[in-house]
There are 2 protein chains.
Amino acid sequence: MIDPGQKIWSNGAIARATGQHTMGVGFVASGKPRVVDMKALKVACQTCSLYELCLPLGLENKDLDELDRIVKRQRPLQRGNYLFHVGDPFKSVYAIRTGSVKTYTCNDEGDEQVTGFHLPGELVGLDAITSGRHPCAARALETTSLCEIPFSRLEELSSHIPGLQRQLLRLMSREILEEQNMMVWLGKKTAEQRLALLLLRIARNQHERHFSPYEFNLSMSRTDIGNYLGLAVETISRLFSRFQQDGILTVERKHVVIQDMDRLRQIAHPDDCPLDTGKVLC
Amino acid sequence: MIDPGQKIWSNGAIARATGQHTMGVGFVASGKPRVVDMKALKVACQTCSLYELCLPLGLENKDLDELDRIVKRQRPLQRGNYLFHVGDPFKSVYAIRTGSVKTYTCNDEGDEQVTGFHLPGELVGLDAITSGRHPCAARALETTSLCEIPFSRLEELSSHIPGLQRQLLRLMSREILEEQNMMVWLGKKTAEQRLALLLLRIARNQHERHFSPYEFNLSMSRTDIGNYLGLAVETISRLFSRFQQDGILTVERKHVVIQDMDRLRQIAHPDDCPLDTGKVLC
DNA sequence: ACCGTTTTTTGATCTGGGTCATTGCGGGAG
DNA sequence: CTCCCGCAATGACCCAGATCAAAAAACGGT
């Protein structure tokens, strides 16, 4: 049994937290005053805390400057706002700074098919390069700040900054790999395993960003989770109940505390080989 | 009902054909004498029939030459030969010229998990860029000829040939998209739909290479298919029987004739939106 | 042509998770 | 504070596809 975190949250605290900041952002962050937020908006790649997860990794200062100059940083998106719609012409990729995004397509009947949840440090829109149009829509699951990177300029830039090209390819490769893993999950993992895997992925992202991996808020609804994992909402709901009964999690609406990380890992990878080259798997 | 092809194959013909050439290579190809095969091995990108599917697409002659110079073309691999093993250091990507390849990982118990089938014109190994090691093994499903492209040189080259960089990114993007689709299939498609989709993908590849989309040989075993699609072998077998009964296919061991392409499509996409931007879906 | 091994097919049975229906709950509007 | 309304939880039942078992067909080697 692992220490779940610093404190137990009262219902009141949770209620406040779910309003604006989810996915752990509001929880472990230091208590900077509000005013700094505006400055943080102007943050440059050189000072961004996601440096090691994002495109700039490995770039020298001069190159970083150049990259920084093509990045557009608008005001944060609100929950439900779109980054782009299905069929929109492909102009930019987006790096997520804080918050989270879901991508999805929908069929004629209008029901959604969630194709991915995207967490801070990930790039969104890479699947649109081939056709020049976005094959899926992307919308913010919570208040989300982004860096928009015009793709034509990124392409241009990466042809004379070898490190940038390498990192771009690396991020795309990571996405391919992640999706391969996802395929494997969906193909032959049980409902239990799928949910465990998703929770571990979120925990890992928390960890990479120096937040507690044991405690976070889900920014997505059970419906979205079920949709993404190829399961019925009811199943997700039952699973959360079961995990809680078994002492693996404490779940209170959106707020999740992982009480027993080892057992969660065990559920997710009962016998898998650690093909875990790099830190792509959880 | 669509004309399934030029002729009905006798059992004898099939028996002969399954020996060497599968995936349609031997079927519709013109009757060149054996000797030419050796020359074909020396084929350059400029004359390759896969030009529009592969890296060279969009390059001018001069650039093509440069690319051509870094490509290594060895003798064809035999069925079961490895391109690389799990954990091998990442040196090259491989373009498939003829034949087919499966990629897979395996867990501690030693049972395989097929992560992909790769057909002519596709690149294999792109998932290894991030970690620098191959996260899965790749082996030939039949006699397969490849172009090996040393990745460091490809990276180098693509920084001063913009068209090459673009096409590399495009191919990686295509892979991301294909895998997203695969995820959707596995998440919420029935067994019927999954198999139909796989058959359509093969048919599309046949078509792109100017072979008949109605008739081909499966290079992979039912076990591999089941593994890939997240289904039991028995289910695959039953499905082939059912499709045959219903007059959708004629299946004779590895040899498949699609008798009713429309119905197959209908099974695969009962209500899907044509998010089919580009020709990524079937 | 024969024999052991592997792959495929088919049948019988079982079950994880889907579907349908109901109830509970929290948060926002008034 | 109360009334909705959409999300979440729980129960009852069912079915697609897994699993188990066994026969049949195809293959590789000698």
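Numbers restart at 1 for each chain; the letters A, B, ... are given by sequence-line order, proteins then strands.
Between the CZ atom of R242(A) and the C1' atom of dT10(D) there is a distance of 13 Å, given to the nearest Å. Rounded to whole angstrom, the span from the CD atom of Q245(B) across to the P atom of dT10(C) amounts to 8 Å. Taking atom NZ of K188(B) as the reference point, atom C1' of dT19(C) lies 15 Å away to the nearest angstrom. Distance CZ (F240(A)) to P (dT10(D)): 13 Å, rounded to an integer number of Å. Taking atom CZ of R238(B) as the reference point, atom P of dG17(D) lies 11 Å away to the nearest angstrom. The interatomic distance linking Q78(B) (CD) with dG28(D) (C1') rounds to 16 Å, in whole Å. The CH2-C1' distance, from W185(A) to dG17(C), rounds to 19 Å in whole Å. Computed from coordinates, the E252(B) CD to dA24(D) C1' distance equals 15 Å when rounded to whole Å.
For F243(A), there are no ring-ring contact (aromatic ring centres under 6.0 Å, His included) partners at least two apart in sequence or on another chain.
In the helix from dA1(C)-dT30(D) to dG30(C)-dC1(D), the terminal helix axes, each the rotation mapping four pairs' C1' atoms onto the next four within five end pairs, subtend 60°, rounded to 10°.
Residue K254(A) places no side-chain N or O under 4.0 Å from the OP1 or OP2 atom of dC7(D). Between R253(B) and dC27(D) there is a side-chain polar atom (N or O) within less than 4.0 angstrom of OP1 or OP2. Contact between the side-chain N/O atoms of R222(B) and the OP1/OP2 oxygens of dT9(C) is found at a separation under 4.0 Å.
Using a 4.0 Å cutoff on non-hydrogen atoms, the parts of residues 224-237 of chain B near DNA chain D are G230(B), L231(B), A232(B), E234(B), T235(B), ordered by number.
Between H118(A) and T103(A), the side chains place a donor N or O and an acceptor N or O closer than 3.5 Å (distance only, hydrogens not considered). Between the side chains of Q259(A) and T250(A), a donor-acceptor pair is found at a separation under 3.5 Å. Between the side chains of N227(A) and E112(A), no donor-acceptor pair of N or O atoms lies under 3.5 Å.
In summary, the aromatic rings of F117(B) and Y228(B) are positioned with their centroids under 6.0 Å apart.
A donor-acceptor pair under 3.5 Å is formed between the side chain of E142(B) and the backbone N or O of S100(B). Here the side chain of N81(B) pairs no donor or acceptor atom with the backbone of R139(B) at under 3.5 angstrom.
A salt bridge links R201(B) to E122(B): at least one charged side-chain nitrogen sits closer than 4.0 Å to a carboxylate oxygen.
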- Give the intermediate values and the outcome of side-chain contact (heavy atoms from CB on, under 4.5 Å) for residues T115(A) and N181(B). CA-CA 8 Å; T115(A) 56; N181(B) 285 325; over 6 Å; no

